[in-house]
Protein chains: 2
Amino acid sequence: MPGEAREHLLARVVDRMAEQGVSALSLRRLAADVGTSHRMLIYHFGSKEGLLVEVVREIESRQRSALSTMEIDPAVQPADAIRGMWRRLADPALWPYERLFFELYGQAVQGYPGTTALLEGVVESWLDLNVELAARRGVPAEVARTHARLGLAVIRGLLLDLLATGDRAGTDAALEAFAAGYEAGLPGLPGPRNGADS
Amino acid sequence: MPGEAREHLLARVVDRMAEQGVSALSLRRLAADVGTSHRMLIYHFGSKEGLLVEVVREIESRQRSALSTMEIDPAVQPADAIRGMWRRLADPALWPYERLFFELYGQAVQGYPGTTALLEGVVESWLDLNVELAARRGVPAEVARTHARLGLAVIRGLLLDLLATGDRAGTDAALEAFAAGYEAGLPGLPGPRNGADS
DNA sequence: CGGTACATGTACCACTTGGTACACGAGTGG
DNA sequence: CCACTCGTGTACCAAGTGGTACATGTACCG
């Protein structure tokens with residue numbers, strides 16, 4: 001089942017899915033929108049589920065590459081890193097892909113076959129990256145993990161908000177509040193224990 | 001299309017959906033699992049979409065009631081409020097309903113018919129509640145809105161994490177880091193502007 | 001030339017889907 | 001007793017589903 005036109009197909013399929021959603025998906029409709037026959041989709045991907053697997057892989061890979069394009073510069077402060085990240089992700093041009101991501105996430109969490117692969121690394125890979133970056137600044141791994149987890153949650157949560165409400169100003173303000181508070185109080189973590197407590 | 005056994009049906013349908021997911025839903029399977037015929041579901045709810053609408057309404061109402069059961073005590077500090085909220089929501093017993101919530105959210109954001117109603121108030125109602133509570137403590141509305149937005153994002157984001165990874169200890173630690181940081185730095189918001197800036 | 005791998009179109013299949021038609025039974029009020 | 005509504009079961013429908021069989025085209029390679 002190798003191929004080269006297959007890649008083009010996949011790209012077009014992902015774009016189409018980003019526009020129309022996964023649930024309202026039938027091989028025939030999809031194929032028509034993309035300019036093929038449903039026969040070809042099955043030929044290239046084996047089955048509908050196989051297609052979904054590939055789509056998930058693709059958006060995972062796009063996510064990962066977006067991640068690696070990020071400022072690996074250890075000089076940039078965490079608060080600014082999260083600001084930059086948000087600025088990038090909140091761009092309306094990316095909304096369709098984020099909608100698709102959350103739709104797949106929602107189905108993956110329900111155990112829908114093919115999508116479950118999305119869950120592996122959907123959190124961990126980000127944490128690992130942050131641990132590595134923080135290490136160069138001398139931050140202990142456990143602290144970096146926890147903070148990365150929090151930052152990721154803030155961004156995903158606000159993205160969820162943004163996609164539902166469209167309120168760019170409101171979500172921007174909330175993120176700024178987080179970043180500012182982070183600069184002010186978090187880095188040393190004055191209060192209670194900060195690492196893993198179990 | 002009124003009825004009283006209808007309510008029982010709806011409750012059972014929601015429970016079943018929480019276990020099995022919405023996408024893998026056919027009126028027939030659902031009816032069989034719930035102990036009726038697909039004929040009855042259509043009789044009571046008019047159509048599949050009508051059923052979905054009702055399900056969305058139901059889980060919205062459950063969410064709202066869970067919200068109103070929350071500590072309305074203005075004496076409890078915001079950081080403790082978010083801790084209590086998290087403790088309540090992170091309970092594995094609620095996971096099926098949260099999976100269902102995120103699945104529906106994912107489809108709603110894609111414009112899937114019937115689910116879109118979920119988006120109205122899915123953020124705003126929480127903000128409004130917090131504004132009201134904060135007012136009794138003298139916090140200006142705009143600040144309360146922004147902070148509530150952030151807190152909601154943290155909780156939803158961490159919930160997304162928890163459902164994907166199952167890492168209770170890790171997500172607990174991240175939330176504690178947020179709550180502690182909030183106590184330490186946020187309330188006065190020392191840094192930049194905090195309200196809406198647009 | 002011929003073979004062989006990739007690619008594609010046509011036709012078909014069994015099955016499931018949401019929805020409907022219709023008959024039937026139980027209860028209730030005139 | 002009749003009429004009427006509510007609830008339910010059986011049977012059916014057209015449309016669409018994912019998947020397959022098979023024939024065909026197109027290219028490169030020996």
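So that the names make sense, note that chain A is the first sequence line, chain B the second, and so on, each numbered from 1.
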S.K.: Ion pair present between A:Arg12 and A:Asp15, side-chain N to carboxylate O less than 4.0 angstrom?
M.R.: no
S.K.: For B:Arg29 and C:dC15, give me the distance from atom CZ to atom C1', rounded to whole Å.
M.R.: 16 Å
S.K.: Please walk me through it: do A:Ser23 and A:Glu103 pass side chain to side chain contact (heavy atoms under 4.5 Å, CB included)?
M.R.: CA-CA 9 Å; A:Ser23 321; A:Glu103 187 186 5; 2.6 Å; yes
S.K.: Can you tell me how far P of C:dT8 sits from CZ of A:Arg6, to the nearest Å?
M.R.: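 The distance from CZ of A:Arg6 to P of C:dT8 comes to 13 Å, rounded to the nearest Å.
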S.K.: Expressed as a whole number of angstroms, how long is the span from B:Leu30:CG to C:dG19:P?
M.R.: 13 Å
S.K.: Strictly below 4.0 Å, N to O, side chains only: are A:Glu98 and A:Arg156 in salt-bridge contact?
M.R.: no
S.K.: Measure from the side-chain heavy atoms of B:His44 and tell me the nearest of C:dG18, D:dG7, D:dG18.
M.R.: D:dG7
S.K.: In whole angstroms, how far is the C1' atom of C:dC12 from the CG atom of A:Leu27?
M.R.: 17 Å
S.K.: Nearest whole angstrom, please: distance from the C1' of D:dT10 to the OH of B:Tyr43.
M.R.: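 Distance, rounded to whole Å: 17 Å.
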S.K.: May I ask you to decide if A:Ala32's main-chain N or O and A:Thr36's side chain share a donor-acceptor pair within less than 3.5 Å?
M.R.: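 Between the backbone of A:Ala32 and the side chain of A:Thr36 there is no qualifying donor-acceptor contact (under 3.5 Å).
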S.K.: Give the intermediate values and the outcome of salt bridge (charged side-chain N to carboxylate O under 4.0 Å, His left out) for residues A:Arg87 and A:Asp172.
M.R.: CA-CA 9 Å; A:Arg87 208 174 306 119; A:Asp172 278 357; over 6 Å; no
S.K.: Does D:dT17 have OP1 or OP2 under 4.0 Å away from a side-chain N or O of A:Ser26?
M.R.: yes
S.K.: Could you tell me how far apart B:Leu25 (CG) and C:dG19 (P) are, to the nearest whole angstrom?
M.R.: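 Taking atom P of C:dG19 as the reference, CG of B:Leu25 is at 11 Å.
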S.K.: Are the side chain of A:Trp95 and the backbone N or O of A:Ala90 linked by a donor-acceptor pair below 3.5 Å?
M.R.: yes
S.K.: Residues of residues 31-42 of chain A with any non-hydrogen atom less than 4.0 angstrom from an atom of DNA chain D: list those, numerically ordered, please.
M.R.: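 When residues 31-42 of chain A is checked for heavy atoms under 4.0 Å from DNA chain D, the hits, listed by number, are A:His38, A:Arg39, A:Ile42.
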S.K.: Could you state the NZ-P distance from A:Lys48 to D:dG18, rounded to the nearest angstrom?
M.R.: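 So the NZ-P distance, A:Lys48 to D:dG18, works out to 4 Å.
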S.K.: Quick one, which residues of residues 15-22 of chain A touch DNA chain C with a heavy atom under 4.0 Å?
M.R.: none
S.K.: Tell me whether A:Glu60 is salt-bridged to A:Arg57, with the criterion being a basic N under 4.0 Å from an acidic carboxylate O.
M.R.: no
S.K.: Should the pair B:Glu58-B:Arg62 be classified as a salt bridge under the 4.0 Å nitrogen-to-oxygen rule?
M.R.: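 Between B:Arg62 and B:Glu58 there is a salt bridge, with a charged N closer than 4.0 Å to a carboxylate O.
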S.K.: With a 3.5 Å cut-off and just heavy-atom distances, do the side chain of B:Arg28 and the base of C:dG18 make a donor-acceptor pair?
M.R.: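 Such a pair is found, so the answer is yes.
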S.K.: Please give, in whole Å, the distance from D:dT17 P to A:Glu49 CD?
M.R.: 18 Å
S.K.: Applying ring-ring contact (aromatic ring centres under 6.0 Å, His included), which residue pairs with at least one partner in residues 103-139 of chain B are found, sequence neighbours left out?
M.R.: B:Phe101-B:Tyr105
